[in-house]
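Next up is a structure, given as structure tokens.
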Amino acid sequence: MSASKSSKKKQQKTKARLPRGFVDRSANDIHATNAMIAKIREVYERYGFDPVETPFFEYTDCLGKFLPDTDRPNAGVFSLQDDDDQWMSLRYDLTAPLARHVAENINEIQMPFRSYRAGYVFRNEKPGPGRFRQFMQFDADSIGAPGVQADAEMCMMMADTLEALGIKPGQYVVRVNNRKVLDGVLEAINLGGDEDADRRLSVLRALDKYDKFGSEGVRLLLGKGRKDESGDFTEGANLDERQIEILVEFLEAASLNAAQNKISGVSSVEEQVVNDLYNQFDLPSNAVSLLHKFTEKWGLVSQLLEDGLQLLDEAKLLVSFSGYGDDRILIDPSVVRGLEYYTGMVYEAELLFDVTNEKGEKVQFGSVGGGGRYDGLIKRFTGREVPATGFSIGVSRLMTALKNLGKLEDSSVPAPVLVTVMDGDTKNLGAYQKMVQSLRQARIRAELYQGNWKKFGNQLKYADKRGCPIAIIQGEDERRNSKIQIKDLIEGRRQAEAISSNEEWRESRPGQFEIDEKDLVEEVKKLLETQKVL
RNA sequence: GCAGUCGUAGCUCAGUUGGUUAGAGCGUCGGCUUGUGGCGCCGAAGGCCGGUGGUUCGAAUCCACCCGACUGUACCA
């Protein structure tokens, strides 16, 4: 049967398909990424950081907690076994591999050690819009510097980086917190003990959702739990009324402070609203004193909390002294960040403008980078504590945002000048190739048509679709007289709008003119310049 | 992981109460046109109707399970 024959043939074809959560990258995307990375690198270098790179793979135990369990060795990370049965994993960030590198070379490395690196990281988890299983990060870390000024410097560098990319103060903000503040508040409401470790995690996760779900959502998550719009239920932290009230008020106080400091780029109506709130409640304008007022009101006592607030004060002072105001670096005690290895200061760069995606929906970009202090990470290898702080910028994510902001300058490379081959004139290929080479030697991007030469029309069709600015034409007639036809494809396309009949279109040869063979390079250069201006 | 929605050509989608050889537009390729892009006209290729099993004389259509995609949520070092 013919049906079975054709289906047999079908089955042998492999379906071409991209693994989910991964993308192929286009020429434009690669050029844009390269341009962006160059700008970021320039800032990091200026701050005195040097590049250090580690490989994609690490032994799994060196990456941290992800010892593969036999049921699901790839949960979260991509793991495989080496030929000696050791588990290896693709790196899921750039910090853990750096910690391994530093620990392994600790005797050779001069501290403080300031380094940066850009590269792809991999996460084996469900992809979503703007979220991939392979994406690029650009990190900078300072190791062996225990003081707050190291953290403050990181925040300033993040601010400078965003501004180097064209994002203005008011369009972004670097929010800073200290882990001790939140831990201290939790301690003060009797959640400090070891027996409440799991509960503390759920509480911190709930607090982190304030931006997403607002006060009410957080209240539910801190209490019994929350049901999402598909009907799925999230178990809550089961705190009592007073604990919930304190935490929600804490968030509201912190965000009120943040709102007040965001007003620089906001409409005067909103500014008025915020100022009214301030006057009404007689609030101090400084986040730290605001929090002091808050802890007094509820009678919260915690040495941790005091220490945290002290450190935030110092950081604030350091950045203000260098001229970084609240419009760029903002103390915000509600920032949570990663729960795994941060030990003190945490910071997060957030974009403040909305963008509309390709479906026309409004999207808040939120965080495009962040980091913090991880004093305990290297200790896992060396046994002694090595202070470290650093941050990471999500390159892919930030690029999408810049594109939407219109800040992504066109870094695409113009299509090449196409040298056509007239009607299967293959015996003169040498002459055509020579024209191409002379253009290339003059640093003009050029290529020789290498498809089917027999149909001349196809060559121009190719040039058109490829976006070539110019086609070079030389048939036997021209060669005999040492002439060359130059076809301005951009001008031709413009003229085409006025022409309706095919014959007229072909005979008029729009945008085309003849030059002497010896003037090829000069004439092409001249025309490219003219096109650039238009 | 949990929950919801949806799977027909490369893409966007039609497909009647279950009934002949499953269609259209766009895209691709070829021709009109072997010395000229666009527009136009003509033609072709391209489908295990997501998969498997079942009900039926007969399944793209009905049922079950599986797989995949999307959305929300969880996790996010």
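To find a chain, count down the sequence lines: A is the first, B the second, and so on, and within it residues start at 1.
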Within this structure, what is the NZ-to-C1' distance between A:K209 and B:A74, rounded to whole angstrom?
8 Å

Identify, between A:P127 and A:Y342, the residue whose nearest nucleotide on RNA chain B lies closer to the 5' end.
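Looking at the nearest nucleotide for each, A:P127 comes out on the 5' side.
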
Pick the P atom in B:G23 and in B:C66, then give their distance to the nearest Å.
34 Å

Sequence-distant partners of A:Q433, side-chain contact (heavy atoms from CB on, under 4.5 Å), two or more places apart
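A:Q433 satisfies side-chain contact (heavy atoms from CB on, under 4.5 Å) with A:V436, A:Q437, A:R440, A:L448 only.
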
Same-atom distance (C1') from B:A60 to B:G18, integer angstrom
10 Å

Separation of B:U34 atom P from A:I473 atom CD1, nearest Å, is 16 Å

Just the rounded figure in Å: distance from P of B:C76 to CZ of A:F135.
14 Å

I need the OH-C1' distance between A:Y449 and B:U36, as an integer number of Å.
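Those two atoms, OH and C1', are 13 Å apart.
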
Residues two or more places apart in sequence or in another chain: which of them pass salt bridge (Lys or Arg N to Asp or Glu O under 4.0 Å) with A:K465?
none

Can you tell me which residue pairs pass the salt bridge (charged side-chain N to carboxylate O under 4.0 Å, His left out) test with a partner in residues 198-207 of chain A, sequence neighbours excluded?
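Residue pairs passing salt bridge (charged side-chain N to carboxylate O under 4.0 Å, His left out), neighbours aside: A:D196-A:R199.
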
By ring pair (Phe, Tyr, Trp, His ring centres under 6.0 Å), which residues pair with A:F122, not counting sequence neighbours?
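Ring pair (Phe, Tyr, Trp, His ring centres under 6.0 Å) check on A:F122 returns A:F56.
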
Euclidean distance for C1', B:C49 against B:A22 (whole angstrom)
8 Å

Under-3.5 Å donor-acceptor pair between A:Q512 side chain and B:U36 base
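Side chain to base: pair found, below 3.5 Å.
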
Would you please enumerate the stems RNA chain B participates in, each stem being three or more consecutive Watson-Crick or G-U wobble pairs with both distances under 3.5 Å?
B:1-7 with B:67-73, B:10-13 with B:23-26, B:28-32 with B:40-44, B:50-54 with B:62-66

Determine the contact category for A:R20: base if any of its heavy atoms lies under 4.0 Å from a base atom, sugar-phosphate if only primed atoms, P, OP1 or OP2 are that close, otherwise nothing.
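Sugar-phosphate contact only.
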
In a table with atom names and distances, give each donor-acceptor pair under 3.5 Å that connects a side chain of residues 130-138 of chain A to protein atoms at least two apart or in another chain.
from: A:R131; atom 1: NH2; to: A:E125; atom 2: OE2; distance (Å): 3.4
from: A:R133; atom 1: NH1; to: A:R20; atom 2: O; distance (Å): 2.7
from: A:R133; atom 1: NH2; to: A:N124; atom 2: OD1; distance (Å): 2.9
from: A:Q137; atom 1: OE1; to: A:S392; atom 2: OG; distance (Å): 3.4

Using the P atom as the reference point in each nucleotide, state the distance between B:C39 and B:C29 in Å, no decimals.
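Nearest-Å result for B:C39 against B:C29 at atom P: 13 Å.
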
B:A74 P sits how many Å from A:E235 CD, rounded?
13 Å

Both conditions, 6.0 Å and 45 degrees, for the charged tip of A:R337 above the ring of A:Y342: are they met here?
no

Looking at residues at least two apart in the chain, or sitting in another chain, which of them share a ring pair (Phe, Tyr, Trp, His ring centres under 6.0 Å) with A:F391?
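Partners of A:F391 under the ring pair (Phe, Tyr, Trp, His ring centres under 6.0 Å) test: A:Y44.
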
Work out how far the P atom of B:G10 is from that of B:G50, and round it to whole angstrom.
13 Å

Test of understanding: with side-chain contact (heavy atoms from CB on, under 4.5 Å), list the residues that count as partners of A:R466, not counting sequence neighbours.
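Checked A:R466 against side-chain contact (heavy atoms from CB on, under 4.5 Å); matches are A:P416, A:E447, A:Y462, A:C468.
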
Interatomic distance at C1', B:A74 relative to B:C67, whole Å
23 Å

Pair of N/O donor and acceptor under 3.5 Å linking B:U73 base with A:K126 side chain
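A donor-acceptor contact between them is present.
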
Look at A:E491 together with A:R494 and state whether they make a salt bridge at an N to O cut-off of under 4.0 Å.
yes

Measure all distances between protein nitrogen or oxygen atoms and nitrogen or oxygen atoms of nucleotides 37-42 of chain B, and list the pairs falling under 3.5 Å.
from: B:G37; atom 1: OP2; to: A:W505; atom 2: NE1; distance (Å): 2.8
from: B:G37; atom 1: O6; to: A:P510; atom 2: O; distance (Å): 3.4
from: B:G37; atom 1: N1; to: A:L489; atom 2: O; distance (Å): 2.7
from: B:G37; atom 1: N2; to: A:D464; atom 2: OD1; distance (Å): 2.8
from: B:G37; atom 1: N2; to: A:L489; atom 2: O; distance (Å): 2.9
from: B:G37; atom 1: N2; to: A:R493; atom 2: NH2; distance (Å): 3.1
from: B:G37; atom 1: N3; to: A:D464; atom 2: OD1; distance (Å): 3.2
from: B:G38; atom 1: N7; to: A:W505; atom 2: NE1; distance (Å): 2.9
from: B:G38; atom 1: O6; to: A:N502; atom 2: OD1; distance (Å): 2.6
from: B:G38; atom 1: N2; to: A:I499; atom 2: O; distance (Å): 2.5

Using a heavy-atom cut-off of 4.0 Å across all strands, would you classify A:E507 as base, sugar-phosphate, or nothing?
nothing

Distance below 4.0 Å between A:K227 side-chain N/O and B:G72 OP1 or OP2:
no

Whether A:R123 engages the ring of A:Y92 as a cation-pi pair (distance to the six-membered ring centre under 6.0 angstrom, angle to the ring normal within 45°) should be assessed.
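Not flagged: A:R123 not positioned over aromatic ring of A:Y92.
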
Using atom CD of A:Q137 as one end and atom P of B:C76 as the other, report the distance to the nearest whole Å.
15 Å

Taken to the nearest whole Å, CD/A:E348 to P/B:C76 is 14 Å

Crowded around A:R25 CZ? As in, over 12 foreign heavy atoms under 6.0 Å?
yes

Side chain of A:K212, heavy atoms from C-beta onward: which of B:G72, B:A74, B:U34 has the nearest atom to it?
B:A74

Could you state the CZ-C1' distance from A:R509 to B:U36, rounded to the nearest angstrom?
6 Å

For A:F213, answer base if it contacts any base atom (sugar-phosphate contacts may also be present), sugar-phosphate if it contacts only those atoms, and nothing otherwise; contact means non-hydrogen atoms under 4.0 Å.
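A:F213: backbone/sugar contact only, no base atoms under 4.0 Å.
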
Nearest-nucleotide 5' precedence on RNA chain B, A:E478 against A:R131:
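Residue closer to the 5' terminus by nearest nucleotide: A:E478.
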
Using the P atom as the point on both nucleotides, what is the distance between B:U17 and B:C62, in whole Å?
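Pairwise P distance, B:C62 against B:U17, rounds to 11 Å.
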
Gap in Å between the two C1' atoms, one belonging to B:G1 and one to B:G58, rounded
42 Å

